[in-house]
Amino acid sequence: MADPKGFLITPREEWPRRPAGERVRDWNEVYVPGALLPIVGKQADRCMDCGVPFCHQACPLGNLIPEWNDLVARSDWEAASERLHATNNFPEFTGRLCPAPCEAGCVLAINQPAVTIKNVECAIADKAWEEGFTPPRPPDRLSGRTVAVIGSGPTGLAAAQQLTRAGHTVAVYERDDRIGGLMRYGIPEFKMEKHHLERRIDQMRAEGTKFRTSTAVGRDVDPAGLRARYDAVVIATGATAWRELDVPGRELAGVHQAMEYLPLANRVREGDLESSPLSAAGKHVVIVGGGDTGADCLGTAVRERAASVTQLDIYAQPGAERDEEADPWPTYPRLYRLSAAHEEARDLRSAPAADADARLFAASTLRFTGDAQGHVRSLHLVGVDAGRRPLPGTERSLPADLVLLALGFSGPDREDGLVEGLGVALEPRGTIARDGGFATNVPGVFAAGDAARGQSLIVWAIAEGRAVAAAVDRHLSGGSTRLPAPVGPYDRPMTV
């Protein structure tokens, strides 16, 4: 605890964002370059070094937050990097993409703004790369055992890196043409520039991990044959089976899933396309779904110069303060949060029909209507109460040339034939069934991440990747492992 009075005398200060009108003209990250390091030391000083750090419990990785806060406050960046990487393979990802449940569990947050844990984490990660504190760590010797990891999202990459460092020969199979999963084609560039991803992949290659892109197990590779070639297989494909909206007019042209829209925009940034065939340019856009994926669509549509863009959230607008009965500390509260995309839409007045920023709260889609050519032109909605029951007299319509469905995901994609080809069992909700050791019903086949847990946060994905790596290492070594297992397959975030 560098300054025992830091939390009393220093107010919370977050990494400032660039002006909305400036940042929507490019696809760079939204924050002011170089503005984090000058403030992060004092922010780390706000950590109370409390006797029971609930931020540990709130973070499924078990990040050693008070330790690296103290080291940052003392400007010992190399030691801070060591402590951070001891529990998190990819802190530059979580420092940008995680909604920071650790901050909700911060003891200071009982009656003050929490420590800016996420900003401190990001600063450490970036400083580590800048100063060369993250060299490749190839194993001293090889075990002679082989592992196939299917999927290269945060779960697959974390599992692969842990197992490679343990001495196993690991190959990662990815059905897309580039490594990264949703971090590559689902997360917009303005939330995380892809060079952060590229340098981790380069690090993993230098450590010995092999990557097989444009290879869909089940379509391009026989799943049973893959299982026969490797000593163990990890399924980490994510939950990519999107939820549908069964309302009249769904078949109209111009109604698309968010994960049809976002990858095309990312491919433009990768240089694969000159422009997206689903570009929002000049269109009235309506996004159905109030979560992070919907906000990603919002920020993308604003940058593509949509005529208007509105986001529908079926839930009522939350308050600005924690509801101590519904979401008592240290649970993650439902609050009115203003993401960068919502801030942009508010400041630029991109959604004239919205209640607040770009969102219409407590709104449910009734139907779509289109023109004579079969293209969507309007979305009809109704207000709903807390039980999602329609409220009489609240029906209205919005102009809609492009509708994006961001309703979440139900489980792994079944179209490639991976699940059936391996013969793994499923839970009733569509996720892959596994036991307490992450093992499926097929010997030597393990499942982790959203494919088995269901849709979750990036920090849970990395934690599951680390934990399944420990399970696989134990399986291959005959009962013991030195790899950490931060979570079990049945662990869940704390709720009331």
Test side chain to side chain contact (heavy atoms under 4.5 Å, CB included) applied to M48 and Q112, step by step: CA-CA 12 Å; M48 300 170 67; Q112 291 188 49; over 6 Å; no

Test log, rule side chain to side chain donor-acceptor pair (under 3.5 Å), inputs T94 and N88: CA-CA 9 Å; T94 52; N88 187 351; 3.0 Å; yes

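Taking both residues in full, the closest heavy atoms of L163 and A469 are given as CD2-O, 3.4 Å, listed atom of the first, atom of the second, then distance. Considering every non-hydrogen atom in both A166 and D473, the closest pair reads CB-OD1, 4.2 Å.
At a threshold of 4.0 Å, the pair D347-R23 does not count as salt-bridged, since none of the basic side-chain nitrogens sits closer than that to a carboxylate oxygen. Ion pairing of R96 with E29 is present here, as a side-chain N (NZ or NE/NH1/NH2) and a carboxylate O approach within less than 4.0 Å. The existence of a salt bridge linking R303 and E189 is excluded, since no basic side-chain nitrogen approaches an acidic carboxylate oxygen closer than 4.0 Å. Using a cut-off of 4.0 Å between Lys/Arg side-chain N and Asp/Glu carboxylate O, D357 and R359 are scored as salt-bridged. Using a 4.0 Å cut-off between charged side-chain N and carboxylate O, R184 and E174 make no salt bridge. Looking at E304 and K283, no side-chain N of the basic residue comes within less than 4.0 Å of a carboxylate O on the acidic one, giving no salt bridge.
By the 4.5 Å heavy-atom criterion applied to side chains, D491 and P60 are not counted as neighbours.
With a 6.0 Å cutoff to the six-membered ring centre and a 45° limit on the axis angle, R434 does not count as a cation-pi contact of F446.
None of V487, N89, L84, V459 except one satisfies the side-chain contact (heavy atoms from CB on, under 4.5 Å) rule with L61; the exception is V459.
Among residue pairs with one or both ends in residues 310-319, those qualifying as side chain to side chain donor-acceptor pair (under 3.5 Å) are Q311-H342, Y315-R388; sequence neighbours excluded. Within the structure, the ring-ring contact (aromatic ring centres under 6.0 Å, His included) test picks out no pair touching residues 59-89 (sequence neighbours left out).
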